[in-house]
Q: 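Okay, handing you the structure first.
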Amino acid sequence: MVFQRDAISKLPAYKQGVAPGDSGAVKLSSNENPFAPLPSVVTVIAEALSTIHLYPSMSAPELTERLAARYDIDAENLAFGAGSVEVASQLIHASAGAGDEVIFAWRSFEAYPILVQVAGATPIPVPLTDGDRHDLPAMAAAITARTRLIFVCNPNNPTGATVTTAEMHDFLARVPENVLVVIDEAYVHFNRDPDSAIGLDFFKQYPNVAVLHTFSKAYGLAGLRLGYAIAPASVAANLRRVSVPFGVSDLAQRAGVASLDAEHELNLRVDILVDERTRVLAGLRAQGWTVADSHANFVWLRTGDDTDRVNAALIEQGILGRAFPGEGIRVSTGSIEANDRFLAAAASLASGSPGQ
Ligand SMILES: Cc1ncc(COP(=O)(O)O)c(C=O)c1O
């Protein structure tokens, strides 16, 4: 046996959402955008194919310029990665090593505890409130002299709950200025909560706030891997040091720019998905399910101990959600047809589960 880090062999691997294969089931397990890529974006990618024998630019100049202008920030505040999950990993590696602590809500994005342990640091998961929201006072109370980084996922994956502006201010007042707070906004485009904290506003007001954005969800580029951090310049510089060289392909960079060019068109799609989410929530409630509002492109069935049974019944009817045994099932907002199928499956489930 060759030497391997013990901590790594013991880690659970990140689990990808179940794929339907040729079963005819619908995959609603990865919060993907159900719309096919925009023709204008596909054209740009096709054109870029002729230069894939060359390395991409590591500084993503065009994308940087566009995003800096869009958010009224400096180019130095931006750092890119192969999806925002890679940027989350960069943030952890740049901030925390052995013996250091990284706080996040739990349940939240499954990658956080894995990435923290890969970096050799210690994950500090803080349970959500009974209402499946971030318990920010408890997270503030969990801060120690070893805390180096805190993730706040807003809206939260998988519960869809938001953190309000007032809650975020109260929280940041309790976080030491030398501890970085990362507001993970993978689902920000779907967030219609008027009280929700907006990461960029906090980045502009606090010296220890960074924001994570992705092109995977609202922009539908999950397969091309493009995400970025808006961070204090010194942090962003370290993210570039930590990043895997040439991790963001030229195809991804160009598709990102083309998506910004087509933002109006993409936003219309987001509006449709938000309407669909609202329709699914209303449909579930009409069937007798108790479901909280979601501000992302998924809904959260709080099925508790009944999760395995409900999930098996959904799978039987061709609905592949993401189940967390003992907690609940996250079901992505898909196409109208997929959502109809999900609603039909949910309606047919026997009553008596905690979610109903
Ligand atoms: C909260 C959150 N952050 C980050 C990501 C990473 O997305 P990507 O790496 O595709 O940008 C996800 C993906 O599901 C997510 O749910």
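As the structure lists them, so they are numbered: ligands from 1, and atoms in each ligand from 1.
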Q: Give the residue and atom name of whichever protein heavy atom lies nearest to atom 3 (N) of ligand 1, and the separation in Å to one decimal.
A: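 For atom 3 (N) of ligand 1, the nearest protein heavy atom is D184 OD2, 2.7 Å.
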Q: Distance to 0.1 Å, residue and atom name: give those for the protein heavy atom nearest to atom 9 (O) of ligand 1.
A: R225 NH2, 2.7 Å
Q: List the closest protein heavy-atom neighbour of atom 14 (O) of ligand 1: residue, atom name, distance to the nearest 0.1 Å.
A: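 Protein heavy atom with the smallest distance to atom 14 (O) of ligand 1: K217 NZ, 3.0 Å.
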Q: Of all the atoms in ligand 1, which lie at a distance below 4.0 Å from a heavy atom belonging to S216?
A: 8 (P), 10 (O), 11 (O)
Q: Would you mind running through ligand 1 and noting each atom that sits below 4.0 Å from a heavy atom of T214?
A: 8 (P), 10 (O), 11 (O)
Q: So is G227 close enough to ligand 1, meaning a heavy atom under 4.0 angstrom away?
A: no
Q: Atoms of ligand 1 less than 4.0 Å from C153 heavy atoms?
A: 1 (C)
Q: Should the pair D271-R192 be classified as a salt bridge under the 4.0 Å nitrogen-to-oxygen rule?
A: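 Result for this pair is yes, salt bridge flagged.
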Q: Any donor and acceptor pair, going by atom type alone, linking the side chain of N156 with main-chain N or O of S108 inside 3.5 Å?
A: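 Checking the backbone N and O of S108 against the side chain of N156, no donor-acceptor pair under 3.5 Å is found.
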Q: Geometry only, no angles: is G83 polar-contacting ligand 1 at N/O separations under 3.5 Å?
A: no
Q: Around atom CD of E263, are there more than 12 heavy atoms of other residues, nucleotides or ligands at under 6.0 Å?
A: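 Yes, because the 6.0 Å sphere around CD of E263 holds more than 12 heavy atoms from other groups.
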Q: Start with the C-alpha gap between F171 and H134, add the side-chain angles, then the distance that decides, and say whether ring-ring contact (aromatic ring centres under 6.0 Å, His included) holds.
A: CA-CA 11 Å; F171 177 63; H134 275 63; 8.7 Å; no
Q: Which residue supplies the protein heavy atom nearest to atom 6 (C) of ligand 1, what is that atom called, and how far is it?
A: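 It is S84 OG, 3.3 Å.
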Q: Pairs of donor and acceptor atoms involving the side chains of residues 109-123, under 3.5 Å and at least two apart or interchain, shall be tabulated with distances.
A:
residue : atom : partner : partner atom : Å
E110    : OE2  : R322    : NH1          : 2.6
Y112    : OH   : D184    : OD2          : 2.7
Q117    : NE2  : P113    : O            : 2.9

Q: Considering only heavy atoms, does V85 approach ligand 1 within less than 4.0 Å through its side chain, its backbone, both, or neither?
A: both
Q: Students often mix this up, so state it plainly: with edges at 30° and 60°, are the rings of Y228 and F215 parallel, tilted or perpendicular?
A: tilted
Q: Consider ligand 1: state whether an atom of it lies below 4.0 angstrom from any non-hydrogen atom of Y187.
A: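 Judged by the 4.0 Å heavy-atom criterion, Y187 does count as contacting ligand 1.
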Q: Looking only at protein heavy atoms, which one is nearest to atom 12 (C) of ligand 1, and how far off is it?
A: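 So the nearest neighbour among protein heavy atoms is F109 CZ, 3.4 Å.
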Q: Could you check whether any side-chain N or O of S196 sits under 3.5 Å from a backbone N or O of D193, counting only pairs where one atom can act as donor and the other as acceptor?
A: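 Side chain of S196 to backbone of D193, a donor-acceptor pair under 3.5 Å: no, none is there.
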Q: Scan D306, N311, D305, T307 and name whichever one has a side chain to side chain donor-acceptor pair (under 3.5 Å) with R309.
A: D306
